[in-house]
**Q** 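Below you'll find the structure I mean.
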Amino acid sequence: MSERKIYFKILLAIAIGMIVVVIGFRAFLAAMGAGGLMSRVSEARAEIPTIVKEEKDLVMFYGSSMVRAGFSPRQFDRELAEQGVDIKSYNFGFGGLNPLFQAALARRIKEQFDANDKRLELAIIEFNPFQTTKTRRNGAIAAEESFLGILGNDQELLDIAKNDLRKGIRMANIKYIRGGISAEMVTNFYGRMFAEPRPRTLLAKDSEEHGKRLGEVGDALTKRFDEEYPNYVDSDWSLEWQGGGTIPEERSKETLELFDEYYKLLQSDYRMDNARLNRIHTADIEGLNFDPLLMESFIEIVKTFQQFSDRVEVVILPQNRKWIKNPPEAIERFDNAVARIEGETGVQIRNFDRTGKFDPTMFSDTTHLARYLGDVPFTNHLVKVYQPILAQD
């Protein structure tokens with residue numbers, strides 16, 4: 001046998017082996033349910049070509065899961081229409097994305113708007129302090145190459161490869177071959193079992209009856225959703241609902257009463273203190289030691305939106321101040337971060353936190369506004385703030 005044939009068989013064996021490994025890895029990811037990675041982001045991105053064709057003036061609220069929970073776009077539009085302002089708004093709130101990832105997504109949104117010669121009438125961008133900390137970034141290091149690869153375009157990957165060939169090739173491999181999941185993400189996922197356990201509250205646990213009733217009410221709400229929305233197409237980001245959730249006008253009186261009970265059960269001291277400790281552990285929500293790169297990335301987000309928006313606003317959403325307490329040094333760091341953002345973007349930040357308008361009963365945990373109890377009054381507050389601005393435009 002000639003050397004050429006030997007080399008060819010070796011190469012073929014390597015190729016077949018690699019294909020088998022890739023197929024096995026993708027099957028493993030499917031079995032683990034990893035196909036839904038950033039599904040809400042992907043679904044929202046897929047609808048942007050439709051959004052940019054909307055004839056009405058557009059408003060986009062861009063931010064974290066706090067935006068997802070707290071902003072009701074259909075309510076916002078309806079209340080503004082009652083006051084003579086005809087717009088179409090969208091909830092672009094996504095959990096799990098720190099400002100580094102949000103900046104990449106903002107560039108993709110800008111590309112779509114630029115390609116269709118469309119502008120936003122108003123972009124409302126959330127500055128989430130605890131999402132911009134060193135602790136938050138360290139918790140997502142294992143996902144950085146995966147998320148930036150998924151959210152990046154080919155030119156950005158090429159630019160990375162020019163500066164670091166190994167990294168560029170690795171990120172392209174993750175994006176196009178590994179289904180967006182890096183080996184580091186897999187090992188980090190399984191490595192959690194060996195990590196230092198998260199702190200748990202020392203407060204007394206909820207009673208067995210409390211937990212049982214919470215499960216019963218949750219199951220009842222799921223059943224009522226199926227009954228009240230029989231034609232709903234399951235999705236993480238619904239164009240029909242403009243990225244938001246359900247609204248109370250669509251629900252029965254009995255369902256709304258169940259929601260009231262459900263959130264009262266969620267608001268137990270035991271659950272709230274555990275939520276607080278989890279936010280400290282994963283995001284440094286009380287200490288607020290900001291990460292330099294994430295701060296730069298947030299400023300980039302604002303500047304990106306300024307390029308295709310007639311008006312850009314930066315806001316800070318309310319937190320559950322019964323449970324989240326920041327020491328003076330953290331407040332000073334926060335004030336410095338706000339001053340930097342305002343100085344480098346020219347945007348004056350609207351701080352809706354600590355206003356006293358949103359009490360602890362309006363939250364489902366220490367940071368997220370509750371459905372109906374929280375998002376309705378917060379969205380109504382936004383209408384009062386932005387109606388005069390939008391009416392002038």
**Q** Working to the nearest 0.5 angstrom, can you tell me the gap between N163 CG and D159 CG?
**A**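 Interatomic distance, N163 CG to D159 CG, rounded to 0.5 Å: 7.5 Å.
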**Q** Do you know which two heavy atoms are closest between K53 and N116, and how far apart they sit?
**A**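 The pair with the smallest heavy-atom distance is NZ-OD1, 3.9 Å.
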**Q** Are any of the side-chain heavy atoms of V338 and F334 separated by less than 4.5 Å?
**A**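 They are in side-chain contact.
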**Q** Do you know which two heavy atoms are closest between A103 and S297, and how far apart they sit?
**A**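 Minimum heavy-atom separation between A103 and S297: CB-O, 3.8 Å.
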**Q** Between Y232 and F225 (judged by ring centroids, cut-off 6.0 Å), do the two rings come close enough to count as a pair?
**A**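 Judged by ring-centre distance (under 6.0 Å), Y232 and F225 do meet the cut-off.
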**Q** Please report the C-alpha distance between R279 and W323 in whole Å, then the side-chain angles of each, then the deciding distance to 0.1 Å, and finally whether the side chain to side chain contact (heavy atoms under 4.5 Å, CB included) criterion is met.
**A** CA-CA 11 Å; R279 284 298 193 191; W323 294 96; over 6 Å; no
**Q** How long is the straight-line distance from OH of Y262 back to CG of L265, given to the nearest 0.5 Å?
**A**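 Separation between the atoms: 9.0 Å.
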**Q** Any luck finding a side-chain donor-acceptor pair between Y90 and E47 under 3.5 Å?
**A**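 There is no such pair between these side chains.
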**Q** Would you say the side chain of K322 lies within less than 4.5 Å of the side chain of M272, judging by non-hydrogen atoms?
**A**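 In short, these two side chains do not touch, never coming nearer than 4.5 Å.
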**Q** Is atom CD of E249 surrounded by more than 12 heavy atoms (other residues, nucleotides or ligands) closer than 6.0 Å?
**A**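 Yes.
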**Q** Between R45 and E111, does any NZ, NE, NH1 or NH2 come within less than 4.0 Å of an OD or OE carboxylate oxygen?
**A**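 No, this pair does not count.
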**Q** Looking at every non-hydrogen atom in both residues, tell me the closest pair between I301 and Q102 and how far apart they are.
**A**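 Heavy-atom minimum between the residues: CD1-CB, 3.5 Å.
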**Q** Does the pair D219 and K223 meet the rule for a salt bridge (charged side-chain N to carboxylate O under 4.0 Å, His left out), with working shown?
**A** CA-CA 6 Å; D219 291 342; K223 182 179 179 181; over 6 Å; no
**Q** Angle between ring planes, F378 versus F352, binned at 30° and 60°: parallel, tilted or perpendicular?
**A**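 Ring orientation of F378 relative to F352: perpendicular.
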**Q** Would you say the side-chain atoms of S64 and E126 include a donor-acceptor pair closer than 3.5 Å?
**A**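 E126 and S64 do have a side-chain donor-acceptor pair below 3.5 Å.
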**Q** Roughly how far, to the nearest 0.5 Å, is the OG1 atom of T201 from the CG atom of L277?
**A**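 Rounded to the nearest 0.5 Å, the CG-OG1 separation comes to 6.0 Å.
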**Q** Could you go through N274 and N278, starting from their C-alpha distance and side-chain angles, then the distance that decides it, and tell me whether this counts as side chain to side chain contact (heavy atoms under 4.5 Å, CB included)?
**A** CA-CA 6 Å; N274 268 330; N278 179 59; over 6 Å; no
**Q** What's the separation between atom CZ in R224 and atom CG in L258, rounded to the nearest 0.5 Å?
**A**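 Nearest 0.5 Å value for the CZ-CG distance: 5.5 Å.
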**Q** Are V315 and L382 packed together at the side-chain level, in the sense that at least one heavy-atom pair is separated by less than 4.5 angstrom?
**A**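 Of all side-chain heavy-atom pairs linking L382 with V315, none is under 4.5 Å.
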**Q** Are the side chains of I299 and I341 in contact, using a 4.5 Å heavy-atom criterion?
**A**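 SC-SC contact between I341 and I299 confirmed.
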**Q** Quick one: do E261 and R213 make a salt bridge, cutoff under 4.0 Å?
**A**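 Salt bridge: yes.
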**Q** Any side-chain to backbone donor/acceptor pair from Q131 onto P99? Under 3.5 Å, distance only.
**A**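 Absent.
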**Q** Answer yes when E208 and K212 have at least one side-chain N-carboxylate O distance shorter than 4.0 Å, and no when they do not.
**A**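 Between K212 and E208 there is no salt bridge, as every charged N stays at least 4.0 Å from the carboxylate O atoms.
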**Q** Output yes when a side-chain donor or acceptor of D353 lies under 3.5 Å from a complementary backbone atom of Q319, and no otherwise.
**A**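 Confirmed, D353 side chain pairs with Q319 backbone.
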**Q** Taking atom CD of E332 as the centre, does the number of heavy atoms from other residues, nucleotides or ligands within less than 6.0 Å exceed 12?
**A**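 For E332, atom CD is not crowded (no more than 12 foreign heavy atoms under 6.0 Å).
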**Q** Are any non-hydrogen side-chain atoms of F305 and V347 less than 4.5 angstrom apart?
**A**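 Result no, sub-4.5 Å side-chain heavy-atom pair not found.
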**Q** Hey, could you give me the OH/NE2 distance between Y270 and H210, rounded to the nearest 0.5 Å?
**A**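 Between atom OH of Y270 and atom NE2 of H210 there are 11.5 Å.
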**Q** Does D291 form a salt bridge (charged side-chain N to carboxylate O under 4.0 Å, His left out) with R136? I'd like the steps, not just the answer.
**A** CA-CA 9 Å; D291 181 86; R136 185 61 180 245; over 6 Å; no
**Q** Tell me which one of R333, R276, K325 satisfies salt bridge (Lys or Arg N to Asp or Glu O under 4.0 Å) with E286.
**A**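 When R333, R276, K325 are each tested with E286, the salt bridge (Lys or Arg N to Asp or Glu O under 4.0 Å) holds only for R276.
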**Q** Decide salt bridge (charged side-chain N to carboxylate O under 4.0 Å, His left out) for K118 and E54; before the verdict, give the C-alpha distance in whole Å, the side-chain angles of both, and the deciding distance to 0.1 Å.
**A** CA-CA 9 Å; K118 185 73 172 181; E54 171 62 50; over 6 Å; no
**Q** Within the structure provided, determine whether M60 and I51 are in side-chain contact (heavy-atom separation under 4.5 Å).
**A**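 A side-chain contact is absent here, since even the closest heavy-atom pair is not under 4.5 Å.
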**Q** Any carboxylate oxygen within less than 4.0 angstrom of a Lys/Arg side-chain nitrogen, looking at E250 and R74?
**A**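 Between R74 and E250 there is a salt bridge, with a charged N closer than 4.0 Å to a carboxylate O.
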**Q** Using a distance-only test with no angle check, is there a side-chain donor-acceptor pair under 3.5 angstrom linking D77 and Q242?
**A**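 Yes, a side-chain donor-acceptor pair sits under 3.5 Å.
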**Q** Please name the pair of heavy atoms, one in G152 and one in R108, separated by the smallest distance, quoted to 0.1 Å.
**A**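 Smallest interatomic distance, heavy atoms only, reads CA-NH1, 3.6 Å.
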**Q** Do T255 and S252 have side-chain atoms, one donor and one acceptor, less than 3.5 Å apart?
**A**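 Checked: T255/S252 side chains pair up, N/O donor to acceptor below 3.5 Å.
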**Q** Start with the C-alpha distance between W241 and I247, add both sets of side-chain angles, then the distance that settles side chain to side chain contact (heavy atoms under 4.5 Å, CB included), and finish with yes or no.
**A** CA-CA 10 Å; W241 290 356; I247 53 179; over 6 Å; no
**Q** For Q348, look at atom CD and say whether over 12 heavy atoms of other residues, nucleotides or ligands are found less than 6.0 Å away.
**A**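 Incorrect, the count does not exceed 12.
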**Q** Is the closest side-chain heavy-atom distance between I124 and Y386 below 4.5 Å?
**A**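 Yes; the side chains approach each other to less than 4.5 Å.
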**Q** Are side-chain N/O atoms of T246 and Y372 paired as donor and acceptor at under 3.5 Å?
**A**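 The answer is yes; a qualifying pair exists.
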**Q** Could you check E144 against R137 for salt bridge (charged side-chain N to carboxylate O under 4.0 Å, His left out), going step by step and ending with a plain yes or no?
**A** CA-CA 9 Å; E144 276 194 7; R137 187 186 175 204; 2.8 Å; yes
**Q** Could you report the tightest heavy-atom contact between R251 and L256, atom names first, then the distance?
**A**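 Between these two residues, the closest heavy atoms are CB-CD2, 4.0 Å.
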**Q** Considering non-hydrogen atoms only, spot the tightest contact between L294 and T133 and give its length.
**A**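 Scanning both residues completely, I find the closest heavy atoms to be CD1-O, 3.6 Å.
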**Q** Side-chain contact, heavy-atom cut-off 4.5 Å: Q387 with L80?
**A**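 Touching, per the 4.5 Å side-chain cut-off.
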**Q** Assess the residue pair N91 and V67 against the criterion (side chain to side chain contact (heavy atoms under 4.5 Å, CB included)); give the C-alpha distance rounded to whole Å, side-chain angles, the decisive distance to 0.1 Å, and a yes or no.
**A** CA-CA 7 Å; N91 184 324; V67 170; 3.7 Å; yes
**Q** Tell me whether D260 is salt-bridged to K264, with the criterion being a basic N under 4.0 Å from an acidic carboxylate O.
**A**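 Salt bridge flag = no for K264 with D260.
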**Q** Just wondering, are more than 12 heavy atoms of other shown residues or ligands nearer than 6.0 Å to CG in D117?
**A**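 Result for CG/D117: open.
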**Q** To the nearest 0.5 Å, what is the distance between CG (D273) and CZ (R271)?
**A**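 Going from the CG atom of D273 to the CZ atom of R271 covers 13.0 Å.
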**Q** Answer yes when D284 and K134 have at least one side-chain N-carboxylate O distance shorter than 4.0 Å, and no when they do not.
**A**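 Answer for the salt bridge query: no.
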